[in-house]
Amino acid sequence: MARLQPVRGTHDILEIKARTFDYIVSHFKAVAERYGHGEISTPIFEFTEVFKRTLGETSDVVTKEMYTFEDRSGEQLTLRPEYTAGIARAFISGGMQQLAPCKFYAYGPMFRYERPQKGRMRQFHQIDAEILGVPEPQADVELLAMAADFLREIGLLDRVTLEINSLGDVESRQAYRDALVVYFQEYKDQLSQDSQERLDRNPLRILDSKNEGDKAIVANAPSIQDYLNEESRLFFSAVCQGLELLDIPYTVNERLVRGLDYYSHTAFEFTTTELGAQGTVLAGGRYDKLIEQMGGPATAGIGWAGGLERLAELVTAEHMPEAHRPVAIIPMGGLAQVKAMKLAHDLRLQGFHIEMGYRGNLGKRLKRANKANAVAAILMGEDEMARRVVTVRNLDSGEQQEVALSDVAQALQPYR
RNA sequence: GCGGGUGUAGCUCAGUUGGUUAGAGCGCCAGAUUGUGGCUCUGGAGGUCGCCGGUUCAAAACCGGUCACUCGCCCCA
């Protein structure tokens, strides 16, 4: 406890930020329910194996970004770096194949040990949607439609671009990977240091390198589209047709790849140019082999996750509902204090938002009521108490009137 | 893990080639106004100059280290 500061890459969330998060999440939940998704909440930590096996031993997330620790009984546990692995695990351990198809939504904190920068922190928050047990491309379309609806509702759809690509099935992906290795091998010594390493580890990643020299070489690299087998091609065109049917604008980006090993077929990202280096605001894809790979029954899956912090950066005040304006109760004197406490309680039971003025003379208390953005103030002085009335003052117009103590709730109706 | 930038009041920042009591605006508190807010005026509180060490007669300033924040790389929501 020596350092009284938040742990690196973590933040306290309050006031406007908290309200923005709540705004985004409540719209997300409403849209997800509309699409027939049910809420699932999985633990924020799992056995380390759950993530290691699903994300791939060599992925960055596993090799350098996991928050892993040993608990008192010696178990290796990891704070979740993403949602899909935990949900897939829940699907298996809950025997949910009997219930498939399953449509879930979830939201909560994620943890990755990374160097913080704009739009990236060690504890961050995601919303997440998954469909398990539907191998048909209609699920891809539905999930993308849901994402687009959600983004529209929070006013962001016209500020992001949907890019999609197909990574093909296992066979197509392997063929493409081989072709890429052959191609890049030619230019190996011209590639950046990073990309030379990628060539061994994950050649697909070279495609979205930000290095200028790499970009020139990538420009002439073979396209995944030419390596998709019949089945994969049909699948991808079904997804594209579905998007067109629903008027969801998108662009095919042949260079779009995903970092985690488990993706196949559809991969997509909603991106913005407004957030600097971290432009991906919501992204996901299909993972048909994942559950089987984890040791569960062969079950197709597709899902996406959106970053709350990144979405919140984009949400502007005009889309946010205004904070509810309270009514301030201002007692002056001992008797009024007691009456005020009772009145405040009664009004709150009836659903009013009540602020209490505790200190200072009337002027100070009104000033504080003003600062709290109160719509009205209820003034309770000694003489009012004697006559069993209060003064209700409209803080916008300055108009005020005396109201019988028993009729206060009625008089406050306009300020609800 | 790697590279750049920045750390001075609650917040945003100024602070001359090193020079003695470190400033402004906003915010906060109080008064002008013993029961009437927003505007105005007056006054006040609030600082280990991120931390440790070094150079110097003298360091907020220069040097080294360290921590934090921030932007970028890797990677990702």
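Just so it is clear, the values below take in all heavy atoms, side chains as well, and ignore hydrogens, waters and symmetry mates. Chain identifiers are assigned alphabetically (A, B, ...) following the order of the sequence lines, protein sequences preceding nucleic acid strands; residue numbering begins at 1 within each chain.
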Going by an N to O cut-off under 4.0 Å, is there a salt bridge joining [X] and [Y]?
X: Glu114(A); Y: Arg120(A); answer: yes
X: Arg173(A); Y: Asp169(A); answer: no
X: Glu402(A); Y: Arg387(A); answer: yes
X: Glu309(A); Y: Lys17(A); answer: no

So what does Asn373(A) hit on the nucleic acid, given a heavy-atom distance under 4.0 Å: a base, only sugar-phosphate, or nothing?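 Since no nucleic acid heavy atom lies under 4.0 Å of Asn373(A), the category is nothing.
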Hey, does Ala369(A) reach any base, or is it just sugar-phosphate, or nothing, if we go heavy atoms under 4.0 Å?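 Counting heavy atoms under 4.0 Å across all strands, no contact is made by Ala369(A).
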Can you tell me the pairing partner of [N] across any strand shown, Watson-Crick or G-U wobble, with both distances under 3.5 angstrom?
N: rG64(B); result: rC52(B)
N: rC57(B); result: rG19(B)
N: rU40(B); result: rA32(B)
N: rC69(B); result: rG5(B)

Think [X] has a side-chain N or O under 4.0 angstrom from the OP1 or OP2 of [N]?
X: Arg198(A); N: rC74(B); result: yes
X: Lys210(A); N: rG72(B); result: no
X: Arg8(A); N: rC69(B); result: yes
X: Gln117(A); N: rC71(B); result: no

